[in-house]
Colleague: 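The structure follows.
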Amino acid sequence: MLGPVILAASRSDRMRRLISAAPVTKQVVDRFIAGETVDDVIPIVQDLSAKGLELTMDVVGEDITTREQAAAARDAYLELVDRLKPLELGEKVEMSVKLSMFGQALEGGHELALANVRPVVEAAAEIGTTVTLDAEDHTTLDSMFAIHEELRRDFPQTGCVIQAYLFRTEADARRLAANGSRVRLVKGAYKEPAEVAYQQKHEIDKAYVRVLRTLMEGEGYPMIGSHDPRLISIAQELARQAGRKLDEYEFQMLYGIRSEEHLRLAAEGHRMRVYTAYGTDWYGYFMRRLAEKPANLRFFVRSMISKG
C-alpha cells in the first residue's frame with residue numbers, strides 16, 4: 001500500500017525539496033534518468049542502438065504552469081529531433097510525450113497542447129520516426145485521445161498509451177485495435193480512485209491480459225510495456241496464438257530496470273524498446289518509478305541507508 005503514499009509525495013513540494021537535497025538521491029536517480037541534457041543522452045542512444053535495442057525518448061517534466069514553459073517543452077523535443085537526425089536511426093528511436101508538458105492543463109489547454117505537439121510529430125516524421133502520446137491521469141484522457149485521433153489524420157503512425165488499471169481501457173483497446181493504431185499497454189502509475197480504476201494487483205494483472213489479448217487479436221501494433229516476467233511470457237503466447245511475427249509487436253521497458261532482460265529479448269529476435277527519460281525536472285518521473293514496484297523503493301532506501 002506504499003504506492004499511493006509515494007504518488008501523493010510526488011505532488012508535494014516539501015517532499016520534492018527533501019528528497020532532492022538527499023546526498024544519495026543523484027546516484028539513485030541516475031539509475032532511471034539517462035542524463036540532464038541532449039549531450040548526455042546521445043551517447044546512450046548510440047550505445048543501446050549498437051546493442052540491438054530500440055528507444056523511446058522522454059524529456060521529463062509535467063506540471064508546467066505557463067505557456068512559455070509549454071513552448072520550452074516543445075523546443076526541447078525539437079532540439080532532440082535535430083540531434084537524432086544525423087544518426088539516421090529512423091524508427092529505432094522514437095519519442096514519448098506527455099501532453100501536460102505541452103500546456104494541456106492551462107486555459108485553452110487542449111488546443112494549446114495540440115498546437116505545441118504537432119511540430120514535434122512533423123519533425124519526427126521528417127527523420128523517419130514517430131511520437132507516442134503518454135497516458136496521464138484519467139481526467140486528461142479524453143483530450144489525449146482526441147489529439148491522438150487528430151494527429152493520425154496526417155501522421156497515422158502516431159502512437160498512444162492505455163493503462164490496464166482503468167475500467168475504461170478495455171473499451172479503448174477495442175476501438176484502437178480496430179483501426180491500426182500503435183498502442184502501448186502499461187499497468188498504470190497514477191493514483192486513481194476506486195470509481196475509475198482497479199486497486200488490487202491481481203485485478204490489474206487480469207485486466208492487463210484481457211486488454212493485451214484484444215490488442216494482439218486486432219489490426220494494430222501492440223507495444224507491451226511491462227517488466228513482469230509472467231506478463232512477458234503471456235504476451236509471447238498471445239502473439240503466437242494471434243499468428244503475429246516478431247516484428248508485428250514489441251516489448252518496452254524502462255531504462256535502468258532489468259537491463260539484462262532487454263538484451264535477452266533482443267537476442268531472441270524481439271523488438272525491444274527502452275523507455276529512456278532525461279532532463280532536469282526528474283522528480284515526478286522518479287517518484288512514479290518508486291511507486292510502481294517495491295523493488296525500486298527498496299533500492300532507494302538501501303542506498304540512502306548505506307550512504308547515511
Side-chain angles (χ1 to χ4, degrees), residues 30-35 37-60 77 80-97 123-132 134 157-161 181-186 212 215-216 220-279 285 289 292-293 295-296:
D30 286 347
R31 172 178 176 174
F32 304 107
I33 302 293
T37 69
V38 176
D39 287 337
D40 293 333
V41 300
I42 290 299
I44 292 173
V45 169
Q46 294 172 307
D47 177 62
L48 294 179
S49 298
K51 293 175 179 175
L53 300 170
E54 303 183 26
L55 298 91
T56 185
M57 308 299 296
D58 173 20
V59 183
V60 292
Y77 274 96
L80 172 61
V81 172
D82 188 58
R83 294 294 300 275
L84 290 174
K85 183 177 181 179
L87 301 184
E88 297 183 340
L89 292 170
E91 64 180 15
K92 291 183 179 179
V93 185
E94 63 151 43
M95 278 149 280
S96 290
V97 303
E126 288 175 2
I127 67 167
T129 190
T130 188
V131 169
T132 294
D134 277 341
Q157 69 275 28
T158 304
C160 69
V161 177
S181 293
R182 296 171 61 257
V183 183
R184 180 196 305 147
L185 174 62
V186 299
L212 184 55
L215 296 178
M216 286 293 188
Y221 179 78
M223 301 180 283
I224 303 105
S226 179
H227 305 93
D228 187 326
R230 179 171 170 270
L231 291 180
I232 291 168
S233 294
I234 290 172
Q236 291 172 309
E237 176 59 22
L238 290 176
R240 186 193 66 77
Q241 292 175 10
R244 286 185 177 264
K245 300 176 182 178
L246 292 181
D247 63 352
E248 294 177 339
Y249 63 96
E250 68 183 49
F251 292 101
Q252 295 192 4
M253 298 186 191
L254 298 171
Y255 176 83
I257 299 180
R258 300 198 72 203
S259 298
E260 292 302 316
E261 182 70 356
H262 303 177
L263 297 174
R264 184 188 73 80
L265 288 168
E268 290 183 355
H270 292 286
R271 296 190 70 179
M272 174 62 231
R273 193 176 299 273
V274 183
Y275 191 106
T276 306
Y278 72 98
Y285 179 88
R289 301 295 77 77
E292 281 176 344
K293 192 174 180 183
N296 295 339

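Computed from heavy atoms alone, side chains included, the values below leave out hydrogens, waters and symmetry copies. Not measured: the values here are computed from a predicted model.
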Colleague: Between Leu212 and Ile224, does the side-chain contact (heavy atoms from CB on, under 4.5 Å) criterion hold? Intermediate values first, please.
Modeller: CA-CA 8 Å; Leu212 184 55; Ile224 303 105; 3.8 Å; yes

Colleague: Under a 4.5 Å cut-off applied to non-hydrogen side-chain atoms, are Asp134 and Tyr275 in contact?
Modeller: yes

Colleague: Quick one: are Met216 and Gln241 in side-chain contact, heavy atoms under 4.5 Å?
Modeller: no

Colleague: With a 3.5 Å distance limit and no angle check, can you tell me whether Ser226 reaches the backbone of Asp228 through a side-chain donor-acceptor pair?
Modeller: yes

Colleague: Could you tell me whether Arg182 and Glu94 make a salt bridge, using a distance below 4.0 angstrom between a side-chain N and a carboxylate O?
Modeller: yes

Colleague: Looking at every non-hydrogen atom in both residues, tell me the closest pair between Ala34 and Val41 and how far apart they are.
Modeller: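 Scanning both residues, the minimum pair turns out to be CB-CG1, 3.9 Å.
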
Colleague: For Arg244, check side-chain hydrogen bond (donor to acceptor under 3.5 Å, both in side chains) against everything at least two apart and list the hits.
Modeller: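 side-chain hydrogen bond (donor to acceptor under 3.5 Å, both in side chains) check on Arg244 returns nothing, list empty.
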
Colleague: Just wondering, more than 12 heavy atoms not from Glu88 lying within 6.0 Å of its CD?
Modeller: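 For Glu88, atom CD is not crowded (no more than 12 foreign heavy atoms under 6.0 Å).
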
Colleague: In Å, rounded to the nearest 0.5 Å, how long is the span from CG of Leu53 to CD1 of Ile44?
Modeller: 12.5 Å

Colleague: Roughly how far, to the nearest 0.5 Å, is the NZ atom of Lys92 from the CG atom of Leu84?
Modeller: 13.5 Å

Colleague: Roughly how far, to the nearest 0.5 Å, is OG1 of Thr276 from CG of Leu55?
Modeller: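 Separation between the atoms: 4.0 Å.
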
Colleague: Quick one: which of Arg184, Glu250, Gln157 gives a side chain to side chain donor-acceptor pair (under 3.5 Å) with Tyr221?
Modeller: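 Only match with Tyr221 under side chain to side chain donor-acceptor pair (under 3.5 Å): Glu250.
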
Colleague: Walk me through it: do Leu265 and Met253 pass the test side-chain contact (heavy atoms from CB on, under 4.5 Å)?
Modeller: CA-CA 11 Å; Leu265 288 168; Met253 298 186 191; 3.6 Å; yes

Colleague: Check whether any side-chain heavy atom of Arg83 sits under 4.5 Å from a side-chain heavy atom of Val45, and report yes or no.
Modeller: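 No. Closest side-chain heavy atoms not under 4.5 Å.
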
Colleague: Considering all heavy atoms of both residues, which atom of Ala235 and which atom of Phe251 are nearest to each other, and what is their separation?
Modeller: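 Ala235 and Phe251 have their closest heavy atoms at CB-CE2, 3.9 Å.
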
Colleague: Rounded at 0.5 Å granularity, tell me how far NE2 in His270 sits from CD in Gln236.
Modeller: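 CD of Gln236 is found 4.0 Å from NE2 of His270.
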
Colleague: Just by modelled atom types, is the Ser96 backbone N or O under 3.5 Å from a matching donor or acceptor in the Tyr77 side chain?
Modeller: yes

Colleague: What are the two closest heavy atoms between Glu248 and Lys245, and how far apart are they?
Modeller: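 What the structure gives for the nearest pair is OE1-N, 2.8 Å.
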
Colleague: To the nearest 0.5 angstrom, please state how far the CG atom of Leu89 sits from the CD atom of Gln46.
Modeller: 8.0 Å

Colleague: Quick one: list whatever passes side chain to side chain contact (heavy atoms under 4.5 Å, CB included) with Ser259, sequence neighbours left out.
Modeller: His262

Colleague: How many angstroms lie between NE2 in His227 and CD in Gln252, if you round to the nearest 0.5 Å?
Modeller: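 Answer rounded to 0.5 Å: 10.0 Å.
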
Colleague: Short question: side chain of Thr129, backbone of Val93 - any donor-acceptor pair under 3.5 Å?
Modeller: yes

